[in-house]
Each structure stands twice: as C-alpha cells, then as structure tokens.
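Owing to the predicted nature of the structure, the values given are computational and were not obtained by experimental measurement.
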Amino acid sequence: MKRIVKIVATVIAVVVVLGICAGAWFATRPPKPAKLFAPGATGQRIVADGIFANYFPSPSPGRQPGILLLGGSEGGLARDLLRQAELLQRGGYNVLHLAYHNAPGKPANLSDVPLEEFTRGLAWLRARPEVDAGSIAIIGYSKGAEAALLTATRDPGIKAVVLGMPSSVAWDGLDGPSILFGLHSSWSEGGKPVASLGYGFFDSARGLYGVFEDGLKERDKHPETIIPVERVTGKILLVCGAKDNLWPACPMAEQIVARAAARGGPTTELLRYAGAGHGVMGAPATASDPDIIKFAKLGGTPQANADARAASWPRIMAFLAANLPAPPRQGGAGA
C-alpha cells in the first residue's frame, strides 16, 4: 500500500512539474510575428533612422498637420489601423503609422519598449517638408493609447491627443516574466524602466479584465505609475466602450478626466458607448466586417461596435480640425 501511495505521489509531482514547465514555456515564448500590412497605393513603407512605419502624406497642397498613429498590443502594422490612416490621409493629414514592437528591428515583446521610439517618430514627422511642425497630433489605441499619453506628457508641442480604449497608468510589460513576476515595465526611457503598475491574479471567470481590474485597486498605493495627464498641453479626446472585456478602458478614461480636472490639466472630452467593447474606436465599417467581428471577442456586439465607430469617427475628425492649427480641408469622415 505504501508503495502504491509513493508511486501516485511521484506521478502527481511529475505532472505538477511538467505543468509548471509547460506554463513557463508558454509564458516566456516569443510572440507570433505580427502581420505587417503594406501601405498601399497612397502610402509608403519607411525603414530608416530607427523607424519602421507606414507613411501616408497628405494629398492637400502646402504644409499640412501631422499625426502619429499608434496601434495596440497586436504589434506591427495592422489592417484596421491601415484603414484609419488612409481615412486621416484623405482628410488632409500627414500620417505616420509607427510600429514599435513585434516588427523588424523592434522588441519582440511589449516590454521595456523605449519611449524614444515615439519621440523619434515625432521628430521624423516634424522634419518632413510637407508637414506643419507646429500642428501635430497623436492618436493611440489601447496600449498605443498608453504610449500616446506618456509621450504627450513629455512633448508640449502636441496640440491634440486622441485616446481609444485608454490607460490611466503605465503597466508592467506584456511578457511572461513581467506578468508572472513583475520583472519589466511596458516602457523604458533613457535605458531605465518607466514606473509601472503590476497585474492582479488571473481569474478564469473574469479573464484578462480581472487581471487589470485587480491591478487598478493598487493604483493609489503606487502614484508613481499614474500617467501625469496634467502635463499635457494639447486637448484630449477619449473614446471607450462600457462592454470592454479586455481591460477597464472606461474606468481608466474616467480617471484620466478626473485627474486632468483636479490638477488644472488640459481640456478633456470623453465619448463613452454603452454597448461597445474594445473595438469601439476606428475606421467605420459594417457589422459583418472581419475586423469588427474579431474585436467583438473583446466585448460588445459587432453591431454595437460598428455603431460606435460610425458615431465617434466624425467627432474625432471634428476634434482634430478644431484643435490643430491651420486645419486641412474636411473629408474622410466616413469610410
């Protein structure tokens, strides 16, 4: 009997060890390379001076405003952002859609990504002869919104900031060691990690949302991780979906608005859509569009996300036109 118990205990121990090893391998393996969409007929691929991006110059004559466009944790140059860049270009803007991780020459994981990636992109954009260097906006989505807000606090020349599904804090890195042990920040600056907030424990009932929701409960204990929105000089437009099940975008958007108001920060406007999720903001599309269907897995129905995009995109275009000096001709407000 003792021998049987010993054998069973050994088998259980082996299974546990194998499970831990498998989990560690899964958590630390490099991400699948992101699909990099070509810029199409109206854009060009930029691979120079440390920049990997798609660039869409304005079709309007003369010097026109510039926009730095940042996607989220998908990495690379996604199709959904490509369509948004084309719409912004059609509206008269010079748009640099920047890849900052999981792309050639960039960090594989969204961990310790240098904020210098974004300042470099802004400098490249401002140096273009067709760009009005005094008329610059930054648009970011999800983790890209986190990066956009961090960048805007450091660059007083940014006149307008649009944040989709935003974060009010800098989070730990999105790689296995960071998620498990908090070893890295998502961002670095000057070779040092940006102070970052740790995640909560995974709860299968709430999924990833619970990891972020529980992490936010420690936010006030770690004020150094809160993004100082009061340092932003340009106006801010935020867009979120109340059914977001990836992370608490609307609660974090409300935290950004509240801090800006309490600390004499920039003017903010929040567009909150009750039935939409993490696909709330972007190029208008039908509910049957593949990207809309994909984003519905992150909250909201395809129709609710499509409706939110149709409602928010014209307001984004109007916000940009109102807050960028020498606004371009209007257009590109729809698909």
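- Here the closest non-hydrogen pair linking P65 and L324 is CB-CD1, 3.7 Å.
- In this structure, L88 CG and L96 CG are separated by 12.0 Å, a value rounded to the nearest 0.5 Å.
- Residue pairs that meet the disulfide (SG to SG under 2.5 Å) test with at least one member in residues 145-261, sequence neighbours left out, are C240-C250.
- There is no side-chain donor-acceptor pair under 3.5 Å between N54 and H97.
- Although no hydrogens or angles enter the test, the distance criterion places no donor-acceptor pair under 3.5 Å between the side chain of S185 and the main chain of P193.
- A donor-acceptor contact shorter than 3.5 Å links the side chain of S312 to the backbone of A308.
- Residues satisfying the salt bridge (Lys or Arg N to Asp or Glu O under 4.0 Å) criterion with D214, sequence neighbours excluded, are R206, K217.
- Applying the disulfide (SG to SG under 2.5 Å) test to residues at least two apart or on different chains, none of the pairs has a partner in residues 278-308.
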Take V280 and D244 through the side chain to side chain contact (heavy atoms under 4.5 Å, CB included) test and state the conclusion after the steps. CA-CA 8 Å; V280 62; D244 195 320; over 6 Å; no

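- Scanning for salt bridge (Lys or Arg N to Asp or Glu O under 4.0 Å) contacts around K297 gives an empty result, with sequence neighbours left out.
- N102 and A108 make their closest contact through CB-O, 3.7 Å (heavy atoms, listed as atom of the first residue, atom of the second, distance).
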Would E189 and R154 count as a salt bridge (Lys or Arg N to Asp or Glu O under 4.0 Å) here? Give the steps. CA-CA 11 Å; E189 185 174 27; R154 291 158 167 78; 2.9 Å; yes

Please test D291 against R83 for salt bridge (Lys or Arg N to Asp or Glu O under 4.0 Å), starting from the C-alpha separation and ending with a verdict. CA-CA 11 Å; D291 286 319; R83 296 191 298 181; 3.2 Å; yes

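- Rounded to the nearest 0.5 Å, atoms CE (M281) and CE (M165) are 7.0 Å apart.
- With E116 contributing its side chain and G190 its backbone, the two residues share a donor-acceptor pair below 3.5 Å.
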Could you check V239 against Y273 for side chain to side chain contact (heavy atoms under 4.5 Å, CB included), going step by step and ending with a plain yes or no? CA-CA 8 Å; V239 184; Y273 295 91; 4.0 Å; yes

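- For NZ of K106, the number of neighbouring non-hydrogen atoms (other residues, nucleotides, ligands) closer than 6.0 Å is greater than 12.
- The distance from atom CG of L238 to atom CG of L271, rounded to the nearest 0.5 Å, is 8.0 Å.
- By the 4.5 Å side-chain criterion applied to Ile, Leu, Val, Met, Phe, Trp and Tyr, Y209 is assigned to no cluster and stands alone.
- Under the 3.5 Å distance criterion, the side-chain polar atoms of N305 are matched with a main-chain donor or acceptor of G299.
- Looking at T286 and D289, their side chains never bring a donor and an acceptor atom within 3.5 Å of each other.
- In this structure, I158 CD1 and L68 CG are separated by 7.5 Å, a value rounded to the nearest 0.5 Å.
- One N or O on the side chain of R309 and one on the backbone of A283 form a donor-acceptor pair closer than 3.5 Å.
- Side-chain atoms of T225 do not come within 3.5 Å of backbone N or O of S196 as any donor-acceptor pair.
- Through direct or indirect side-chain contacts shorter than 4.5 Å among Ile, Leu, Val, Met, Phe, Trp and Tyr, F52 is connected to L36, V47, L77.
- For R128 (side chain) and N94 (main-chain N/O), no donor-acceptor pair under 3.5 Å exists by modelled atom type.
- Residue pairs meeting the side chain to side chain donor-acceptor pair (under 3.5 Å) criterion with at least one partner in residues 157-166, sequence neighbours excluded, are absent.
- Judged purely by atom type and a 3.5 angstrom limit, N109 has no side-chain atom pairing as donor or acceptor with the backbone of S111.
- Here the CD1-CG distance, from I226 to L216, works out to 9.5 Å after rounding to the nearest 0.5 Å.
- In this view, Y199 and W171, F212 satisfy the ring pair (Phe, Tyr, Trp, His ring centres under 6.0 Å) rule, not counting sequence neighbours.
- Taking each heavy atom of Y55 and V95 in turn, the nearest pair found is CD1-O, 3.2 Å.
- Of the residues listed (I67, L87, L82), the one engaging F56 in a side chain to side chain contact (heavy atoms under 4.5 Å, CB included) is L82, and it is the only one.
- If you check the side chains of T42 and E86, you find no donor sitting under 3.5 Å from an acceptor.
- Between A160 and L320, the shortest heavy-atom distance links the atoms CB-CD2, 4.4 Å.
- Closest approach of I292 to A285, counting heavy atoms only: CG1-CB, 3.9 Å.
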Apply the test side chain to side chain contact (heavy atoms under 4.5 Å, CB included) to residues L69 and L81: give CA-CA distance (whole Å), side-chain angles for both, the deciding distance (0.1 Å), then the verdict. CA-CA 8 Å; L69 180 64; L81 271 290; 3.6 Å; yes

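- Between L163 and A145, the closest heavy-atom pair is CD2-O, 3.6 Å.
- Atom CD1 in I179 sits 9.0 Å away from atom CG in D172 (nearest 0.5 Å).
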Tell me, with the steps shown, if V229 and I236 meet side chain to side chain contact (heavy atoms under 4.5 Å, CB included). CA-CA 9 Å; V229 61; I236 301 176; 3.5 Å; yes

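- No chain of hydrophobic side-chain contacts below 4.5 Å, direct or via other Ile, Leu, Val, Met, Phe, Trp or Tyr residues, connects L246 to I293.
- Qualifying ring pair (Phe, Tyr, Trp, His ring centres under 6.0 Å) partners for Y100, counting only residues two or more places apart in sequence or in other chains: F118.
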Enumerate, atom names and distances included, each donor-acceptor pair closer than 3.5 Å involving a side-chain atom of residues 251-270, sequence neighbours excluded.
| from | atom 1 | to | atom 2 | distance (Å) |
| --- | --- | --- | --- | --- |
| E254 | OE2 | R272 | NH1 | 2.3 |
| Q255 | OE1 | S168 | OG | 2.6 |
| Q255 | OE1 | R219 | NE | 3.3 |
| R259 | NE | E230 | OE1 | 2.8 |
| R259 | NH2 | E230 | OE2 | 2.9 |
| E269 | OE2 | R315 | NH2 | 2.8 |

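- In this structure, F201 shares a hydrophobic cluster with no other residue, the cluster being traced through Ile, Leu, Val, Met, Phe, Trp and Tyr side chains under 4.5 angstrom apart.
- Sorted by first and then second residue, the side chain to side chain donor-acceptor pair (under 3.5 Å) pairs involving residues 138-150 (not counting sequence neighbours) are Q84-Y141, S142-H278, K143-E146, K143-S186, E146-W187.
- Of the charged side-chain nitrogens involved, at least one lies within less than 4.0 Å of a carboxylate oxygen, so that R126 and D155 count as a salt-bridged pair.
- For the pair Q64 (side chain) and P61 (backbone), a donor-acceptor distance under 3.5 Å is present.
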